[in-house]
Amino acid sequence: MRKIFLSMFALMFCVIPLLSVGAQGTAEYKLLTVYTALPESELPTYFSQFEKDTGIKIQYVRLSAGELLARVRAEKNNPQASVWFGGSYDNFVPASKEGLLEAYQSPELKNIPKVYWDPEGFANPFYVGAIGFACNTEWFKKKGLPYPTSWDDLLKPEFKSQISMAHPGTSGTSYTILATIVQMRGEEGAWKYFTALNQNIRQYTKSGVTPPMDVGLGEAAIGITFSHDGLKPAFEGYPVAMSFPKDGTGYEIGCMALIKNGPAKETANGKRFIDWMLSKRGQDLFETSKSFRIPVNTLATPPKGAISVDSLKVINYDAVWAGQNRTRLVEQFTKVVAAASNLK
């Protein structure tokens, strides 16, 4: 009997830290499970501050955006997480159409331009960023070459095996790259372009944050990436500079959403996290995390050194179309250009 009592006491002791008593005397669950596509280095800034502000502890799994979508699909009948945090809106479009997301629009949207809103009411936008070229300054200085300033510049023979790009099958970043070129050149022109670019690709990576890291370490001369991911290694002291295509580029609206039928006891915490991350309080942390993401809340302050999408020549990127055609375009890329095998 004494052993049973001690076992029950130990179990109660383990559970108690996850609960607290609210103002009405009801138990509040103090845990939130998140799937995220943001870089590992940024997450402690947001998650630790959220826990300090709310008492809610976040447990998370980090995946590239394409992997995250695949995991949520695989868990459709038994979701293991409550919030999908980060990744381009392109990835949320098919997820909402497939019934994988729970409709929720934060009241914080009142401070966010409507151009970034999800008309279907599932995804909540929290940053924007444009596609550009991360360049290794030392390599270009040694070669005496100018940085690429157009998409066709990447096809030059001097860049053979010197370009790092993620595979669009696993990376949200590279799917945005793929959808950008298709929208700029049409599908036939896009497959011709990527077939030619493939001759200069050093390696297709799994995650979109890897190419600028390859550039910083001198393993590639150019990485095709989002501006915020390219600026991070430069801030950390690596020989990296950003260049952007003058003929136009695409951009992402980074989003988050509730996963449908996620753990019921976490639902309120999931909404609270989304609201918090969209608030000025959460968005101002882009400066602290040195992520160089552009906040969408008009009350927030952009990080020092960040590159505004408004300062670049961006195309009228159709994220809804991109999301609706994701599976088909990725399958075609894999068939025509490069298979998604042995990615790192």
Side-chain angles (χ1 to χ4, degrees), residues 34-53 58 60-65 68 83 85-88 112 116 125-138 147 164 166 171-173 176 205 207-220 222-244 249 251-256 273-274 276-312:
V34 172
Y35 287 164
T36 180
L38 268 60
E40 195 84 37
S41 60
E42 289 182 47
L43 300 175
T45 299
Y46 314 132
F47 293 167
S48 63
Q49 189 60 58
F50 177 70
E51 183 177 0
K52 289 178 183 177
D53 288 355
I58 292 179
Y60 70 92
V61 175
R62 195 275 163 189
L63 300 162
S64 63
L68 200 161
V83 172
F85 178 46
S88 303
I112 296 172
Y116 299 130
F126 71 107
Y127 71 88
V128 291
I131 293 291
F133 312 139
C135 303
N136 184 287
T137 58
E138 294 178 350
Y147 298 150
S164 180
S171 163
T173 301
T176 302
T205 65
S207 172
V209 300
T210 303
M213 293 170 57
D214 288 345
V215 172
L217 295 172
E219 296 176 356
I222 302 168
I224 313 177
T225 185
F226 282 122
S227 56
H228 44 263
D229 291 329
L231 289 170
K232 195 168 182 65
F235 172 81
E236 294 171 348
Y238 291 94
V240 178
M242 287 298 300
S243 176
F244 294 90
T249 192
Y251 64 94
E252 72 166 334
I253 303 172
C255 295
M256 51 188 164
F273 175 74
I274 290 174
W276 181 88
M277 196 67 223
L278 289 185
S279 71
K280 174 176 167 57
R281 171 73 163 173
Q283 300 250 292
D284 280 345
L285 290 176
F286 291 154
E287 171 68 33
T288 306
S289 67
K290 300 303 177 187
S291 71
F292 299 98
R293 299 179 192 277
I294 301 297
V296 293
N297 187 318
T298 56
L299 303 179
T301 304
K304 297 182 183 68
I307 297 174
S308 170
V309 171
D310 295 336
S311 68
L312 305 172

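Note that the coordinates shown come from a computational prediction; the quantities given were computed from them, not determined experimentally.
Note: Phe286 and Phe126 have tilted aromatic rings, judged against thresholds of 30 and 60 degrees for the angle between ring planes. Under the 30°/60° scheme for interplanar angles, the aromatic rings of Phe47 and Phe85 are found to be tilted.
Nearest heavy atom pair, residue Leu38 against residue Gly87, reads CD1-N, 4.4 Å. Residues Cys255 and Pro125 come closest through the heavy atom pair SG-CA, 4.0 Å. Heavy atoms only, all atoms of each residue included: Ile307 and Met242 are closest at CD1-CB, 4.4 Å. Annotation for Leu231 and Ala306: closest pair CD1-CA, 4.2 Å, computed over non-hydrogen atoms. Of all non-hydrogen atoms in Pro39 and Arg293, the two that sit nearest each other are CD-NH2, 3.2 Å. Shortest non-hydrogen contact noted between Ser311 and Ser308 is OG-O, 2.6 Å.
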| task | Might you work through the side-chain contact (heavy atoms from CB on, under 4.5 Å) test for Val83 and Tyr35, ending with a clear yes or no? | result | CA-CA 6 Å; Val83 172; Tyr35 287 164; over 6 Å; no

| said: side-chain contact (heavy atoms from CB on, under 4.5 Å), that's the test. Do Trp276 and Gln49 meet it? Break it down for me. | reply: CA-CA 10 Å; Trp276 181 88; Gln49 189 60 58; 3.8 Å; yes

| task | Take Ser207 and Met213, measure what side-chain contact (heavy atoms from CB on, under 4.5 Å) needs, and give me the verdict at the end. | result | CA-CA 11 Å; Ser207 172; Met213 293 170 57; over 6 Å; no

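Taking CZ of Phe226 as the reference point, atom OG of Ser291 lies at 13.5 Å (rounded to 0.5 Å). In this structure, the separation between CZ on Arg281 and CG on Asp53 is 4.0 Å, given to the nearest 0.5 Å. Here the CG atom belonging to Leu312 is positioned 12.0 Å from the OH atom belonging to Tyr251, to the nearest 0.5 angstrom. Between Thr249 atom OG1 and Ile131 atom CD1 the span is 6.0 Å, to the nearest 0.5 Å. To the nearest 0.5 Å, the span separating CE on Met256 from OG1 on Thr36 amounts to 10.5 Å. For the atom pair Asp229 CG and Ile224 CD1, the distance stands at 13.5 Å (nearest 0.5 Å).
Here the side chains of Ser164 and Thr210 are not in contact, with every heavy-atom distance at 4.5 Å or above. Within the 4.5 Å cutoff, side-chain heavy atoms of Pro303 are placed close to those of Pro295. Residues Asn297 and Leu278 form no side-chain contact, since every pair of their non-hydrogen atoms from C-beta on lies 4.5 Å or further apart. Using a 4.5 Å heavy-atom threshold, the side chains of Tyr238 and Leu217 count as touching. A heavy-atom distance below 4.5 Å is found between the side chains of Lys280 and Thr301.
No side-chain donor from either of Gln283 and Tyr127 sits under 3.5 Å from a side-chain acceptor of the other. Tyr60 and Glu40 share a donor-acceptor pair across their side chains, judged by distance under 3.5 Å alone.
A distance-only check finds a donor-acceptor pair linking the side chain of Glu287 to the backbone of Lys304 [under 3.5 Å]. Under the 3.5 Å distance criterion, the side-chain polar atoms of Asn136 are matched with a main-chain donor or acceptor of Val215.
Salt-bridge check for Lys232 with Glu42: failed, with every basic side-chain N at 4.0 Å or more from each acidic carboxylate O.
Ring to ring, Phe133 and Tyr147 are not that close: their centroids are 6.0 angstrom or more apart.
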